[in-house]
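A quick write-up on the structure given underneath.
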Amino acid sequence: MKLTISTSTLQSLVAKAMKGASCNKMIPLTSLMAISLKDNKLTLITTDSTNYLYVYQDKVSGDDFYV
């Protein structure tokens with residue numbers, strides 16, 4: 001797994017994605033974030049158990065992965 005992105009860009013994406021997470025202690029899934037890189041498109045996914053928020057960044061170099 002390899003990913004090349006500037007720290008400030010990643011921080012910005014994570015800050016946007018966390019707005020979709022409710023961090024409800026009764027629903028552990030709402031405290032997690034999925035990170036995916038496929039075809040040089042980085043995707044961060046969060047949820048509040050009802051809605052899902054997808055945050056994208058194109059032109060990110062690295063190996064394809066899903067975490």
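Numbering starts at 1 and runs along the sequence shown.
Residues satisfying the side chain to side chain contact (heavy atoms under 4.5 Å, CB included) criterion with Thr7, sequence neighbours excluded, are Gln11. Every residue meeting the side chain to side chain contact (heavy atoms under 4.5 Å, CB included) condition with Met1, not counting sequence neighbours, appears here in chain and number order: Phe65, Val67. By the side chain to side chain contact (heavy atoms under 4.5 Å, CB included) test, Ser49 is found to be paired with Ile27, Thr30, residues two or more places apart in sequence or in another chain being considered. Scored by the side chain to side chain donor-acceptor pair (under 3.5 Å) test, Asn24 finds no partners at all (sequence neighbours excluded). For Ser12, the side chain to side chain contact (heavy atoms under 4.5 Å, CB included) partners at least two apart in sequence or on another chain are Lys16.
Here the side chains of Thr9 and Val60 are not in contact, with every heavy-atom distance at 4.5 Å or above.
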Using atom types as modelled, flag every donor-acceptor pair under 3.5 Å from a side chain in residues 31-44 to any protein atom, sequence neighbours excluded.
none

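No path of Ile, Leu, Val, Met, Phe, Trp and Tyr side chains, each step under 4.5 Å between heavy atoms, connects Leu10 with Ile45, placing them in separate hydrophobic clusters.
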Mind running side-chain contact (heavy atoms from CB on, under 4.5 Å) on Lys2 and Ser61 for me, showing each step along the way?
-> CA-CA 8 Å; Lys2 181 179 178 181; Ser61 62; over 6 Å; no

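Between Met26 and Pro28, the shortest heavy-atom contact is O-CD, 3.6 Å. Summarising the geometry of Asn51 relative to Asp48, their closest heavy-atom pair is N-OD1, 2.6 Å, with the distance given to 0.1 Å.
Taking the six-membered ring where the residue is Trp, Tyr54 and Tyr56 present parallel rings, their angle staying beneath 30° rather than reaching 60°.
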